[in-house]
Amino acid sequence: MLLEVKKLHGGYGPIQVLHGLDFVVEEGSVTALLGANGAGKTTTLRAVCGMIRVEGDVIFQGRRITGMATEEIARLGVAHVPDGRGTFMELTVEENFKLGAYTRRDAQVQADFERMWEWFPRLRQRWKQQAGTLSGGEQQMLAIARALLMRPKLLLLDEPSFGLAPLIVQEIFGIMRRIREESGVGILLVEQNANLALELADRAYLIETGHIVTSGPAAEIRQDEAIRRAYLGY
Ligand code: ATP
């Protein structure tokens with residue numbers, strides 16, 4: 001198992017947001033966390049990558065990482081693409097790529113750049129452009145590419161569709177499908193758009209007020225009557 005989370009509790013100071021979550025992400029799979037605004041999805045990603053103090057067990061590749069520093073967790077192979085993107089706006093696309101790969105000492109960096117150009121041709125076209133001047137969709141692509149250049153084993157993606165036009169969202173989800181198929185990176189995806197998330201995901205968990213209320217293979221969750229009514233709109 002790539003990631004196992006058990007009895008995860010946490011929040012912000014005295015405010016408890018997560019009330020004992022259990023979930024897993026298998027190697028090379030996409031796991032979606034669904035739920036309404038404020039359910040605790042973003043907080044869950046922050047908990048996994050060490051941004052907030054939590055109780056319980058976060059086990060990454062068999063190793064307990066609960067309480068470790070964010071940098072240490074990142075070094076082990078967990079990359080986080082926060083909501084609001086997380087690119088360096090004043091730097092160019094090229095510089096953002098280089099920052100993504102800067103801790104790496106292996107000889108594959110150039111090959112990975114080329115792979116990113118193949119997955120994200122728009123970024124190659126805008127290589128010398130400042131990230132802050134890219135469209136929202138391109139910034140999202142850059143944030144994902146930068147995270148992948150760390151060669152993570154697990155990618156935490158927070159609302160990649162947020163604020164983007166439907167066509168761009170389709171493009172980004174298409175790229176995510178390729179990432180899963182061609183790279184073997186596991187993805188933990190937080191997404192408001194449950195239809196899209198369930199089309200892509202292998203497994204999904206539904207969070208309500210810091211509790212997991214439903215989980216299962218994405219194909220089954222899509223058929224669930226209550227979920228269809230509340231989250232899929234049909
Ligand atoms: P959304 O899609 O709206 O981001 P979410 O499911 O990701 O929803 P979270 O962002 O995890 O929800 O928020 C869960 C709860 O934690 C909310 O009640 C929110 O107000 C609270 N919260 C989030 N960030 C903080 C913070 N930095 N300080 C205090 N409370 C916070």
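Quick note: numbers below take in every heavy atom, side chains included, and nothing from hydrogens, waters or symmetry partners. Read the numbers this way: they start at 1 and go in the same order the structure lists the ligands and their atoms.
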Checklist entry - Do any N/O atoms on Lys41 end up under 3.5 angstrom from N/O atoms on ligand 1? => result yes
Next on the checklist: I'd like to check atom 30 (N) of ligand 1 in this structure: does the protein have a heavy atom lying under 4.0 Å from it?
Outcome noted: yes
Checklist entry - Does some non-hydrogen atom of the protein lie less than 4.0 angstrom from atom 19 (C) of ligand 1? => result no
Checklist entry - Pairs in or reaching into residues 150-205: which pass ring-ring contact (aromatic ring centres under 6.0 Å, His included), with residues at least two apart or in two chains? => result Phe23-Tyr205
Checklist entry - Can an N or O of Val17 be found at a distance shorter than 3.5 Å from an N or O of ligand 1? => result no
Item to check | Min N/O separation Asp83 to ligand 1 under 3.5 Å | outcome: no
Next on the checklist: Consider side chain to side chain contact (heavy atoms under 4.5 Å, CB included). Of Val48, Ile65, Leu154, which one does Ile73 pass it with?
Outcome noted: Ile65
Checklist entry - Between Ile172 and Phe97, is there a shared hydrophobic cluster once you connect ILVMFWY residues whose side-chain heavy atoms come closer than 4.5 Å? => result yes
Checklist entry - Does Gly35 come within less than 4.0 angstrom of ligand 1, counting non-hydrogen atoms of the residue? => result no
Item to check | Heavy atom of the protein closest to atom 23 (C) of ligand 1 (residue, atom name, distance) | outcome: Tyr12 CE1, 3.4 Å
Next on the checklist: So if I count the atoms of ligand 1 from 1 in the order they appear, which ones are less than 4.0 Å from some heavy atom of Thr43?
Outcome noted: 9 (P), 11 (O), 13 (O), 14 (C)
Next on the checklist: Are Met150 and Leu76 connected into the same hydrophobic cluster when the rule is that any two of I, L, V, M, F, W, Y join if their side-chain heavy atoms are below 4.5 Å apart?
Outcome noted: no
Next on the checklist: Just to check, does Ala36 reach to within less than 4.0 Å of ligand 1 when the distance is taken from its heavy atoms?
Outcome noted: yes
Checklist entry - Between Lys7 and Asp57, is the closest basic N to carboxylate O distance under 4.0 Å? => result no
Item to check | Parallel, tilted or perpendicular: ring planes of His9 versus His19, cut at 30 and 60 degrees | outcome: perpendicular
Next on the checklist: Hydrogens and angles aside, do Arg53 and Tyr12 bring a side-chain donor and acceptor to less than 3.5 Å of each other?
Outcome noted: no
Checklist entry - Between Asn37, Ile15, Leu45, which one has a non-hydrogen atom sitting closest to atom 3 (O) of ligand 1? => result Asn37
